[in-house]
Amino acid sequence: MTRPVALIARVFHSGLAVRLAAAAAFMLGAPALTADDAPERAGDPVYGWVLYNYYQGDAFDALTLLDVARERGGIVGHGAYPELVEGGLMLSYGMTREASDLFTRLLEETNTAENDETDSKKPRVSLTPDVRSQAWFYLGKVFYLEGEQGPAFESLQRVDADVFEESDSGLYPEWLYLRARLAMKSDAFGDNALVESLRQQLGKSGLWAHYLGYNLAMGEIAAGDVTGAQQSLNTLIADMEDEDPKEDLVAEHRALLDKSRLSLARLYLRDSRFDDALALLGAMPLDGVFSDRALFDYAVAAAGQGRMQRALDALDALSQRTLFLAWREQVPYARGYVLEQMNQPRRALNAFTQAAEHYENRGEELIIARRALTEENLMARLSFLRDSDDIITDAYGRPRVTPADFGLSEVLATEAFQQALGELNELYRMQALLAQREEQLSTFEAMLETRKIQRERRSREARYELERQQADDWVDAQNSFRTDIESALAREDAEFFMTTEQEDLKARLTKVAATLAQLPVDQNTARQRASYERMQAYFDWTVANDYGVNRWEAQKQLRELNREMEQFRNQRAAIEALISGDAEHDELARRLIRKATELQELKAQVQGALQQARGILMSRLDEALEQQSSELRRYLVASRHAQARLADHLFREGQSAEAAND
Amino acid sequence: MTDFFKTLLAGACVAMMLFMSAAVHAESGTAEDSQAVAERVEDLKKKVIGLNRDLFILEEDLLFPASTQFAVFLSVDAGEFLKLDAVKLKVNGDIVASHLYTDRQVSALERGGMQRLFIGNLKTGTHEVTAFVEGIGPDNRAYKQAASLAFEKGTDTAALEIRIQDRSSDYQPMVSIVEWE
């Protein structure tokens with residue numbers, strides 16, 4: 001009897017998947033609408049770029065960009081909204097734990113800042129009470145879906161009931177329902193009185209009220225109160241039949257109504273109330289989600305009533321259905337049984353023989369399927385919903401998949417299998433991304449290597465140029481010039497600082513002196529000698545007089561030379577430093593090596609997780625096939641027994657007839 | 001007759017209950033494994049995002065150093081008078097980017113997203129950027145508009161935005177290029 005609960009949970013769950021997508025959208029949309037300081041346009045291009053990716057469903061790229069922005073100092077001008085966006089993106093990307101932590105922190109931050117009147121610090125994000133209630137609600141729902149009941153309870157408790165009822169009348173019943181379900185699961189989350197009170201608040205109409213009614217009835221069955229469960233289901237069916245749901249809820253309403261009828265009919269069958277069961281099942285539509293099961297139960301009820309032809313018609317109708325469902329395996333046996341009860345032993349024997357053959361064949365198929373169970377043939381039996389090359393996922397990041405082989409439909413519908421399949425898909429996507437990044441890294445390596453070669457070539461050219469400049473000779477010349485000036489200064493050697501003109505004059509005077517030295521000292525040369533001495537004296541006086549100016553000029557030139565040489569030396573040092581190494585290149589190369597190592601480690605981790613996820617998935621499938629196999633064996637044995645019994649019966653009848661004839 | 005069916009039904013129920021209880025026991029073991037895998041997968045996702053971030057930054061540092069980096073973004077506000085179809089971008093007379101938009105991309109832009117249309121390198125100095133925007137304008141007619149901007153590229157990263165806005169004064173779209181500081 002836990003089965004109907006599981007099925008209902010699935011129906012409920014599929015609805016939630018759609019609604020959770022809206023939750024992520026809310027996380028983005030609502031704050032922008034309600035916050036006082038939310039800018040109308042993206043105040044930072046990176047934030048706009050993040051939104052561009054998010055709105056297209058590229059959660060991974062958007063999360064990467066947010067991480068890049070954080071690394072570079074954060075997004076400017078949007079307060080904590082990028083974090084809210086990040087939370088929504090994490091939900092979309094299936095990082096529910098991270099998203100929960102983030103939302104909890106943001107909501108508590110707002111709470112603390114608002115409750116603490118002494119705190120003058122304005123909260124980074126100001127959420128209105130209705131948005132805050134919505135956020136707590138969705139957070140509670142995420143925890144509930146994760147099976148984390150404690151945190152789910154705490155989050156749901158923080159919803160402001162009055163505000164929530166006023167602002168979100170559509171979500172309010174769901175909030176009541178979730179609280180009631182938690183209270184039903186554990187006393188720590190509430191007692192029966194609370195459940196009853198929540199039920200009263202939900203009223204008698206609306207899908208959430210009906211879901212709660214159904215689960216309460218299932219709870220009564222689990223507690224052994226079958227009569228109570230029958231009453232509850234009767235009331236529920238009556239309430240649902242009186243209701244006229246909205247167009248978009250018609251299918252869900254009808255499925256729950258059929259499920260309730262089916263559950264009640266089974267309770268009647270259990271108590272041998274075949275008339276009641278037949279009336280209930282007869283009212284069920286033939287094209288509903290549960291019509292096949294209803295048809296089978298109808299056959300059981302008709303047989304119980306003794307209306308074998310009706311039972312046979314129902315079973316024949318079921319036999320015509322081509323889709324394989326594990327539970328329908330009992331139909332071939334049931335046909336034989338009904339024919340036997342109709343006192344048609346030959347047809348019954350034939351039906352049992354066919355049933356046994358069917359079970360044998362099916363059993364062999366299952367054995368082969370189990371032996372050949374690989375991930376590839378599992379995937380070949382599943383049909384994934386795709387958008388271009390990508391598999392489309394739901395709000396939890398799980399693939400949208402339907403079985404190509406309907407033998408898998410039951411196992412596929414289980415939450416655990418869906419989760420395992422979703423994780424496997426995520427891991428494959430990660431593996432593909434890492435392979436792509438590995439390729440990209442090798443491109444970077446090639447790029448850096450090329451740059452290095454080009455640099456080395458340029459370095460060689462620069463070194464050759466430096467050598468050609470004979471830089472050391474220039475340095476030596478500068479040093480010698482400086483030493484000469486310094487020593488002339490020490491000697492106060494005015495001649496050393498003579499200008500070019502003065503040097504020229506000095507040379508000419510020396511030449512005149514040399515000429516005079518070769519001439520006889522007489523009256524003829526006396527006038528020249530006197531003239532020379534006058535010129536020499538004037539020259540000496542000029543040199544002595546210009547000493548200060550000339551010395552300053554020489555020192556000025558020396559300073560300029562020193563400056564030039566300093567610049568020359570610096571440039572040369574810079575070029576030599578560049579030639580000897582490139583810090584930027586080295587840093588990039590180091591980062592590249594680090595990332596390549598990290599990538600390899602991550603690849604290994606993904607590979608390990610893949611093996612684990614694959615193992616879990618395959619073992620789940622194997623368990624399901626084993627379970628099908630054991631059921632088939634049971635039906636096979638029963639068919640063979642019936643076959644033997646009937647053959648024996650017919651043989652004896654034949655013998656009796658012969659004896660009578662004799 | 002009904003006894004057998006009862007027996008069959010009861011047998012089926014018992015088998016189902018046995019199976020279900022076995023399944024519950026099995027579930028508790030594999031549920032822990034599943035939980036562990038789920039946590040592992042989430043942890044790996046976080047690491048992969050971190051690695052992707054580092055490689056994104058490394059790629060930009062390598063190919064588009066901050067001193068020469070030049071990026072062009074595109075935004076649509078609010079897209080009532082122009083259904084964006086295509087954009088072409090010229091820098092100093094050369095076409096450097098062109099893009100045809102899908103409905104999903106247009107919708108993402110109209111909701112406030114910004115597309116990074118181009119990233120490249122430019123040396124310091126004056127440059128001219130021209131954007132050609134095509135789409136379906138008012139009265140469902142094909143619409144083309146261009147906008148230009150001469151700007152000075154310094155030694156820091158430069159970012160421009162092609163802004164497509166609705167002009168309510170004459171119910172026409174307006175294309176402009178603005179520089180982000």
Side-chain angles (χ1 to χ4, degrees), chain A residues 1-3 41-42 45 48-49 51-56 60 63-64 67-68 71 93-98 269-270 272 300 303-304 306 330 337 341 416 419-420 423 426-427 430 433-434 437 440-441 444 447-448 588 591-592 595 598-599 602 605-606 609 612-613 616 619-620 623 627 631 634, chain B residues 1-2 4-6 8-13 15-17 19-20 23-24 26-27 30-31 33-59 61-63 71 73 75 77 104-105 107-109 111-116 159 161 180:
Chain A
M1 281 300 169
T2 43
R3 207 172 181 79
R41 297 180 52 79
W49 195 13
L51 293 180
Y52 181 66
N53 280 293
Y54 175 69
Y55 291 140
Q56 290 183 74
F60 178 74
L63 282 167
T64 302
D67 229 7
V68 169
E71 191 75 10
Y93 193 48
M95 296 170 71
T96 45
R97 288 167 191 80
E98 292 282 324
L269 284 176
R270 185 175 146 152
S272 304
V300 175
Q330 51 200 319
Y337 172 78
Q341 299 310 312
Q419 194 182 339
E423 271 143 17
E426 278 305 331
L427 287 166
M430 274 188 242
L433 182 94
L434 290 177
R437 291 291 174 262
Q440 193 182 13
L441 269 182
F444 290 170
M447 205 181 289
L448 272 182
L588 282 172
R591 278 164 66 187
L592 204 63
K595 292 302 139 195
E598 239 174 72
L599 193 141
L602 253 180
Q605 286 175 26
V606 168
Q612 197 182 355
I616 289 175
S619 68
R620 284 192 192 290
E623 276 166 24
Q627 207 271 331
E631 296 220 343
R634 213 162 58 81
Chain B
M1 168 182 76
T2 50
F4 179 79
F5 244 113
K6 270 191 206 167
L8 184 67
L9 199 64
C13 285
M16 190 175 280
M17 284 166 79
F19 166 64
M20 290 309 288
V24 169
E27 283 287 310
T30 46
D33 290 345
S34 300
Q35 183 79 1
V37 174
E39 281 173 19
R40 202 170 167 188
V41 170
E42 189 162 340
D43 185 47
L44 282 171
K45 278 180 182 170
K46 203 174 160 187
K47 284 183 183 168
V48 170
I49 290 171
L51 181 75
N52 208 39
R53 170 203 63 202
D54 292 345
L55 292 182
F56 181 96
I57 295 172
L58 183 63
E59 183 180 21
D61 289 349
L62 202 61
L63 303 180
F73 292 86
S75 71
D77 181 24
R104 202 155 67 157
Q105 287 169 334
S107 163
L109 288 169
R111 290 170 73 185
M114 279 170 88
Q115 176 204 13
R116 191 172 77 172
E161 180 188 347
W180 280 90

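We name chains A, B, ... by the order of the sequence lines, and we start the count at 1 in each one. Since we're looking at a predicted model, the values are computed, not measured.
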Using non-hydrogen atoms only, which part of [X] is less than 4.5 Å away from chain B: side chain, backbone, both, or neither?
{"X": "A/Glu71", "result": "side chain"}
{"X": "A/Met430", "result": "side chain"}
{"X": "A/Leu427", "result": "side chain"}
{"X": "A/Leu448", "result": "side chain"}

Tell me, side chain or backbone of B/Gln115 under 4.5 Å from chain A's heavy atoms, or both, or neither?
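For B/Gln115, heavy atoms of backbone and side chain both lie under 4.5 Å from chain A.
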Report the C-alpha separation of B/Ile49 and A/Tyr93 in whole Å, then their side-chain angles, then the decisive distance to 0.1 Å, and conclude whether the side chain to side chain contact (heavy atoms under 4.5 Å, CB included) test is met.
CA-CA 11 Å; B/Ile49 290 171; A/Tyr93 193 48; 4.0 Å; yes
Where [X] and [Y] come nearest, the two heavy atoms and their spacing:
{"X": "B/Trp180", "Y": "A/Ala42", "value": "CH2-O, 3.5 Å"}
{"X": "A/Phe444", "Y": "B/Leu58", "value": "CD1-CD2, 4.1 Å"}
{"X": "B/Ala38", "Y": "A/Glu423", "value": "CB-OE2, 3.1 Å"}
{"X": "B/Arg40", "Y": "A/Gln605", "value": "NH2-O, 3.8 Å"}
{"X": "B/Glu42", "Y": "A/Glu98", "value": "OE2-N, 2.8 Å"}
{"X": "B/Leu44", "Y": "A/Ala609", "value": "CD1-CB, 3.7 Å"}

Plane angle bin for A/Trp49 and B/Phe56 - parallel if under 30°, tilted between 30 and 60°, otherwise perpendicular:
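Rings of B/Phe56 and A/Trp49: tilted, as their planes differ by 30° to 60°.
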Going through the distances and angles, do B/Leu62 and A/Leu592 end up as a side chain to side chain contact (heavy atoms under 4.5 Å, CB included)?
CA-CA 10 Å; B/Leu62 202 61; A/Leu592 204 63; 5.6 Å; no
Show your reasoning for whether side chain to side chain contact (heavy atoms under 4.5 Å, CB included) applies to B/Gln105 and A/Tyr55.
CA-CA 8 Å; B/Gln105 287 169 334; A/Tyr55 291 140; over 6 Å; no
Please identify, among A/Gln440, A/Gln56, A/Arg97, A/Met95, the residue contributing the most non-hydrogen atom pairs under 4.5 Å to chain B.
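So the answer, after comparing A/Gln440, A/Gln56, A/Arg97, A/Met95, is A/Arg97.
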Would you say B/Lys46 has more than 12 foreign heavy atoms packed within less than 6.0 Å of its NZ?
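Open.
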Close side-chain approach of [X] to [Y], heavy-atom, < 4.5 Å:
{"X": "A/Lys595", "Y": "B/Leu51", "value": "yes"}
{"X": "B/Lys47", "Y": "A/Glu598", "value": "no"}
{"X": "B/Leu63", "Y": "A/Met447", "value": "yes"}
{"X": "B/Lys45", "Y": "A/Phe60", "value": "no"}

Taking 4.0 angstrom as the limit, do A/Arg591 and B/Asp54 come out as a salt bridge?
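No salt bridge links A/Arg591 with B/Asp54.
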